[in-house]
Enquirer: 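Dropping the structure in here first, questions after.
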Amino acid sequence: MSGGASTEPFMSEDRSPLDHVRRAKIEQLRAAGIDPYPPRLDFPRTHTTAEALAEFEAAEAAAAGDPPTTPEVVVVGRMMSRRIMGKVGFAHIEDGSGRLQIFARQELLGPFLYDELFKKLLDLGDFVLARGPLVRTRTGEISCEARHIQLLAKSLEPMPDKWHGVKDVETRYRRRYVDLMVNPEVRRVFETRARMVQAIREYLDSNGFLEVETPVLQPIYGGAAARPFTTYHNQLKQELYLRISFELYLKRLLVGGYERVYEIGRDFRNEGVSFKHNPEFTQLEWYEAYTDYHGVMKRVEEMLAYVAQRLTGGTRITYQGQVIDLAPPWRRVTLRDAIIQYAGIDYAQYPTAEALAEAMRARGHQPETTTNRGKLIDSLLGTYVEPNLIQPTFVLDYPIEISPLAKKKADDPTTVERFEYFIAGMEMGNAFTELNDPLDQRARMEWMQEIYGAGDEERHPVDEDYLLAMSYGMPPNGGFGTGIDRLAMLFTDNTTIRDVLLFPHLRSLDRKEDEEA
RNA sequence: GGGCCGCUAGCUCAAUGGUAGAGCAAGAGACUUUUAAUCUCUAGGUUGCAGGUUCGAGCCCUGCGCGGCUCACCA
């Protein structure tokens with residue numbers, strides 16, 4: 001650490017000679033009586049850059065050919081480029097609305113603001129204020145012809161290449177703020193994601209759903225087949241799990257009397273990371289009393305058509321060059337028929353895991369022999385069916401072994417009223433006619449203990465508190481869960497979940513402490 | 001976790017096993033309307049880390065780290 005003068009700064013490491021240059025500039029600024037991080041603006045901001053451009057164009061239209069009267073504006077933003085040619089210079093500043101050129105002239109700014117501040121002490125990346133009238137330059141670009149310039153915040157780090165930006169994906173994810181500042185299309189992705197979530201809320205709120213929040217820290221996890229993260233409450237001396245789904249808490253609320261509830265929030269699953277999996281991800285779940293999975297299907301296709309309408313003005317979106325039409329009604333196909341169609345296997349003919357595994361091996365598949373029949377069927381779905389389901393498709397009626405919370409079909413006790421829906425070859429969500437028979441639910445949970453072996457980390461403990469809730473009486477209902485991140489991939493045309501997460505999970509660069517632990 | 005690919009200046013990229021380079025950014029200078037401004041000059045590197053082979057390694061070999069793709073698991 002430095003033991004130098006009081007103006008000697010704040011960062012303990014020199015990373016490059018560029019650092020020295022910029023720190024020297026800070027000293028020069030201070031020596032000239034300029035605070036490089038002033039607490040407030042010299043003049044209040046009057047316009048965003050977009051408003052300034054619009055205002056000038058309006059004045060021009062009103063002037064009908066004459067030179068427009070030029071309103072004086074105060075604009076602010078980050079300096080992204082600068083071109084100096086002697087006694088005049090140009091810079092672009094960028095704010096949340098767009099960018100605007102600043103036209104700096106020595107004869108208007110004077111020797112200090114122009115020659116010292118604008119030409120030498122400012123750097124790309126600095127936040128600045130400019131005050132002056134709007135003009136069109138000789139090349140026709142609307143610009144703020146500065147009478148005053150103020151440094152609002154000094155940048156010590158060099159900006160990425162102004163033309164190529166930052167491409168290295170690791171840098172883009174680790175320093176997302178850099179990615180955002182130089183890649184406007186990345187900013188747009190997260191704006192679209194936010195509008196998508198907003199549209200989902202609009203749809204649900206206007207259809208009588210109540211948005212609720214349920215515990216993230218749970219004494220027992222459940223509602224999905226996944227390994228949890230564990231944590232510990234020191235004072236209560238209690239082991240807790242980060243939730244893997246919201247399901248069991250939301251359905252308790254139906255017992256309590258709410259008829260339509262939803263939650264949008266974070267789930268955590270202690271599993272692999274991939275282009276469609278992040279350890280924490282955002283989920284939407286809703287539960288609606290007095291409907292079944294057919295009612296849920298109608299709502300899903302209606303909601304996503306609404307979201308598409310709000311985002312694009314239509315129901316068609318383009319994903320990786322494929323046009324996908326979200327207009328209802330979507331294709332509905334049973335899981336059995338879908339697997340017959342795409343895999344050529346009718347699993348109903350193979351009532352045991354061994355027989356089914358044998359049939360799969362005959363077709364060149366290599367099933368895990370240790371697993372149960374439901375998981376085998378699920379793997380057929382994932383391998384042969386899922387990649388083919390480009391247009392929105394509901395796949396319905398799942399084997400009971402992999403669906404412990406769904407109601408059995410009246411005419412087939414091996415099958416439950418469940419669907420998953422697929423778009424662009426990706427599984428997007430999952431729904432059932434929810435099981436509300438507490439005795440059946442207990443039997444199913446106990447059965448799960450058997451078919452998931454003791455070593456299977458997806459095996460869940462029996463949730464007695466949930467069974468107690470259901471025992472008070474739960475209305476018949478349909479429930480639904482869907483991955484918000486995957487929907488965001490769909491609506492922003494991205495092929496990896498990392499590109500729709502602002503801060504995707506990455507390994508730490510310095511893992512010394514982990515190794516010692 | 002397995003397999004494959006990658007890691008060179010702040011950023012984007014070059015470099016047959018033989019003196020590590022360019023553009024942008026940065027510094028000095030010229031230039032009173034530029035648009036990736038232009039022109040002259042300068043500085044900038046433990047080639048991800050640690051070993052090994054070799055007279056000589058950015059390049060070949062081994063291990064490790066980080067990332068990407070892919071397989072497995074899941075949403």
Side-chain angles (χ1 to χ4, degrees), chain A residues 15-22 24-25 80-92 99 101-108 114 119-120 123-125 135-141 143 145 155-175 178-179 182 223-227 244-245 267-285 366 368 371 375 378-379 382-383 386 402 420-422 426-430 456-458 481-487 489 495-498 504 506-512 514-515:
Chain A
R15 283 200 303 283
S16 75
L18 298 174
D19 261 8
H20 289 108
V21 170
R22 296 215 178 180
K25 287 183 181 183
M80 302 299 288
S81 66
R82 183 177 49 180
R83 297 168 293 284
I84 290 168
M85 51 224 51
K87 296 191 170 57
V88 301
F90 301 87
H92 275 102
R99 50 171 59 196
Q101 183 167 260
I102 305 302
F103 180 19
R105 307 172 63 181
Q106 189 197 46
E107 64 179 7
L108 295 173
Y114 183 77
K119 282 177 67 175
K120 298 195 170 171
D123 287 293
L124 300 191
V135 298
R136 248 186 221 283
T137 61
R138 187 179 291 168
T139 54
E141 179 160 353
S143 309
E145 190 184 60
S155 166
L156 294 178
E157 292 291 328
M159 294 284 284
D161 189 286
K162 67 182 174 186
W163 189 244
H164 299 96
V166 54
K167 290 182 176 174
D168 179 75
V169 292
E170 189 172 352
T171 306
R172 289 184 46 230
Y173 297 152
R174 286 193 196 278
R175 303 189 194 176
V178 175
D179 191 27
V182 297
R227 298 168 57 188
I244 59 173
S245 85
D267 272 342
F268 306 84
R269 297 189 184 175
N270 206 340
E271 290 171 346
V273 176
S274 80
F275 73 95
K276 54 179 177 172
H277 300 274
N278 197 64
E280 53 182 300
F281 62 102
T282 302
Q283 185 86 349
L284 159 68
E285 289 190 29
Q366 299 108 22
E368 278 187 55
T371 196
K375 284 193 166 189
D378 204 36
S379 85
T383 307
E386 181 168 339
I402 54 173
E420 293 182 303
Y421 78 105
F422 298 82
M426 257 194 302
E427 182 190 338
M428 304 299 294
N430 185 23
D456 193 327
E457 304 206 51
E458 290 175 1
T482 194
I484 292 290
D485 312 285
R486 290 197 184 168
L487 287 175
M489 288 165 67
T495 57
T496 163
I497 194 171
R498 295 182 205 92
L506 297 174
R507 279 193 172 88
S508 302
L509 288 176
D510 181 3
R511 304 180 75 205
K512 273 179 198 162
D514 293 350
E515 286 160 12

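None of these values were measured; they are calculated from a predicted model. By convention in this document, chain letters (A, B, ...) are assigned in the order of the sequence lines, proteins followed by strands, and residues within each chain are numbered from 1.
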Enquirer: Check whether any side-chain nitrogen or oxygen of A:Lys87 sits under 4.0 Å from OP1 or OP2 of B:A30, and answer yes or no.
Expert: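 No.
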Enquirer: I'd like to know if the side chain of A:Thr482 and the backbone of A:Met428 have a donor-acceptor N/O pair within less than 3.5 Å.
Expert: yes
Enquirer: Side chain of A:Lys25 only, please: which of B:G10, B:G27, B:C66 is the nearest?
Expert: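 Closest of the options to the side chain of A:Lys25: B:G27.
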Enquirer: Rounded to the nearest angstrom, tell me the gap between atom CZ in A:Arg269 and atom P in B:C73.
Expert: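 From A:Arg269 CZ to B:C73 P: 16 Å.
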Enquirer: What's the gap between B:A15 and B:C7 when it is taken at their P atoms, as a whole Å value?
Expert: 11 Å
Enquirer: Ignoring hydrogens and angles, answer whether the base of B:G23 and the side-chain atoms of A:Asp161 contain a donor-acceptor pair closer than 3.5 Å.
Expert: yes
Enquirer: Less than 4.0 angstrom between a side-chain N/O of A:Lys162 and OP1 or OP2 of B:A25, yes or no?
Expert: yes
Enquirer: Is the phosphate of B:G68 approached by A:Arg498 (side-chain N or O, under 4.0 Å from OP1 or OP2)?
Expert: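 Looking at the OP1 and OP2 atoms of B:G68, one of them is under 4.0 Å from a side-chain N or O of A:Arg498.
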Enquirer: Tell me the interatomic distance from A:Asn270, atom CG, to B:A72, atom P, rounded to whole angstroms.
Expert: 20 Å
Enquirer: Rounding to a whole Å, what distance do you find between A:Arg105:CZ and B:U32:P?
Expert: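 Distance, rounded to whole Å: 12 Å.
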Enquirer: Return yes if the base of B:U34 and the side-chain atoms of A:Glu141 contain a donor-acceptor N/O pair under 3.5 Å, otherwise no.
Expert: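 There is none.
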Enquirer: I need the A:Met489 CE to A:Arg498 CZ distance, nearest 0.5 Å.
Expert: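 It is 9.5 Å, given to the nearest 0.5 Å.
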Enquirer: More 5' along RNA chain B: A:Asp123 or A:Gln106, using each one's nearest nucleotide?
Expert: A:Asp123
Enquirer: Looking at side-chain heavy atoms only, is the closest gap between A:Lys25 and A:Lys120 below 4.5 Å?
Expert: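 Contact flag for A:Lys25/A:Lys120 side chains = no.
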Enquirer: Would you mind checking if A:Lys276 and A:Glu386 are paired as a salt bridge, meaning a charged N to carboxylate O distance below 4.0 Å?
Expert: yes
Enquirer: Whole angstrom is fine here: how far is it from CZ in A:Phe275 over to P in B:A72?
Expert: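 In whole Å, B:A72 P and A:Phe275 CZ are 11 Å from each other.
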Enquirer: Can you identify which nucleotide, out of B:U34, B:U12, B:A75, has its nearest atom closest to the A:His164 side chain?
Expert: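 Closest nucleotide to the A:His164 side chain: B:U12.
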Enquirer: Look through every strand shown and name the nucleotide pairing with B:U19 as Watson-Crick or G-U wobble, where both distances are under 3.5 Å.
Expert: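 Pair assignment: B:U19 / none.
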Enquirer: Could you give the CZ-to-P distance, from A:Arg174 to B:G68, as a whole number of Å?
Expert: 9 Å
Enquirer: Could you tell me which nucleotide pairs with B:G63 by Watson-Crick or G-U wobble geometry, both distances under 3.5 Å, or answer none if nothing does?
Expert: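 Looking at the geometry, B:G63 pairs with B:C49.
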Enquirer: Whole angstroms only, please: what is the CD1-P distance between A:Ile102 and B:U32?
Expert: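 Whole-Å distance recorded here is 21 Å.
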Enquirer: Give a yes/no on whether any side-chain N or O of A:Arg507 is located under 4.0 angstrom from OP1 or OP2 of B:C66.
Expert: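 Yes, such a contact exists.
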Enquirer: Are OP1 or OP2 of B:G27 and a side-chain N or O of A:Arg22 less than 4.0 angstrom apart?
Expert: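 No, no such contact exists.
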Enquirer: Closer than 4.0 angstrom, basic N to acidic O: yes or no for A:Lys87 and A:Glu107?
Expert: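 Judged by the 4.0 Å cut-off on N to carboxylate O distance, A:Lys87 and A:Glu107 do not form a salt bridge.
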Enquirer: With nearest nucleotide decided by heavy atoms, which residue, A:Pro160 or A:Lys119, maps closer to the 5′ end of RNA chain B?
Expert: A:Pro160
Enquirer: Look at the side chain of A:Arg138 against the base of B:U33 and say whether a donor-acceptor pair falls under 3.5 Å; ignore hydrogens and angles.
Expert: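 Check fails, no donor-acceptor contact within cut-off.
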Enquirer: Strictly by Watson-Crick or wobble contacts shorter than 3.5 Å, is anything paired with B:C39, and which nucleotide is it?
Expert: B:G29
Enquirer: Is any side-chain N or O of A:Arg83 closer than 4.0 Å to OP1 or OP2 of B:U34?
Expert: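 So the side-chain polar atoms of A:Arg83 never come under 4.0 Å of the phosphate oxygens OP1 or OP2 of B:U34.
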Enquirer: What is the distance from atom CG of A:Asp179 to atom CZ of A:Arg174, rounded to the nearest 0.5 Å?
Expert: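 Atom-to-atom, A:Asp179:CG and A:Arg174:CZ are 14.0 Å apart.
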Enquirer: When we call it a touch if two heavy atoms are under 4.0 Å apart, what does A:Gly89 touch: a base, just sugar-phosphate, or nothing?
Expert: nothing
Enquirer: State which of B:G68, B:A36, B:U33 makes the closest approach to the side chain of A:Trp163.
Expert: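 Nearest listed nucleotide: B:A36.
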Enquirer: Return the nucleotide paired to B:C69: Watson-Crick means purine N1 to pyrimidine N3 with N6-O4 or O6-N4, wobble means G-U with N1-O2 and O6-N3, both under 3.5 Å.
Expert: B:G3
Enquirer: Tell which nucleotide pairs with B:G44, taking only Watson-Crick or G-U wobble pairs whose two distances are both under 3.5 angstrom.
Expert: none
Enquirer: Nearest whole Å is fine: how far is B:C69 P from A:Lys276 NZ?
Expert: 13 Å
Enquirer: What distance separates A:Ile102 CD1 from A:His92 NE2, expressed to the nearest 0.5 Å?
Expert: 9.0 Å
Enquirer: What is the distance from NZ of A:Lys167 to C1' of B:C7, rounded to the nearest Å?
Expert: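 My rounded result for the distance is 17 Å.
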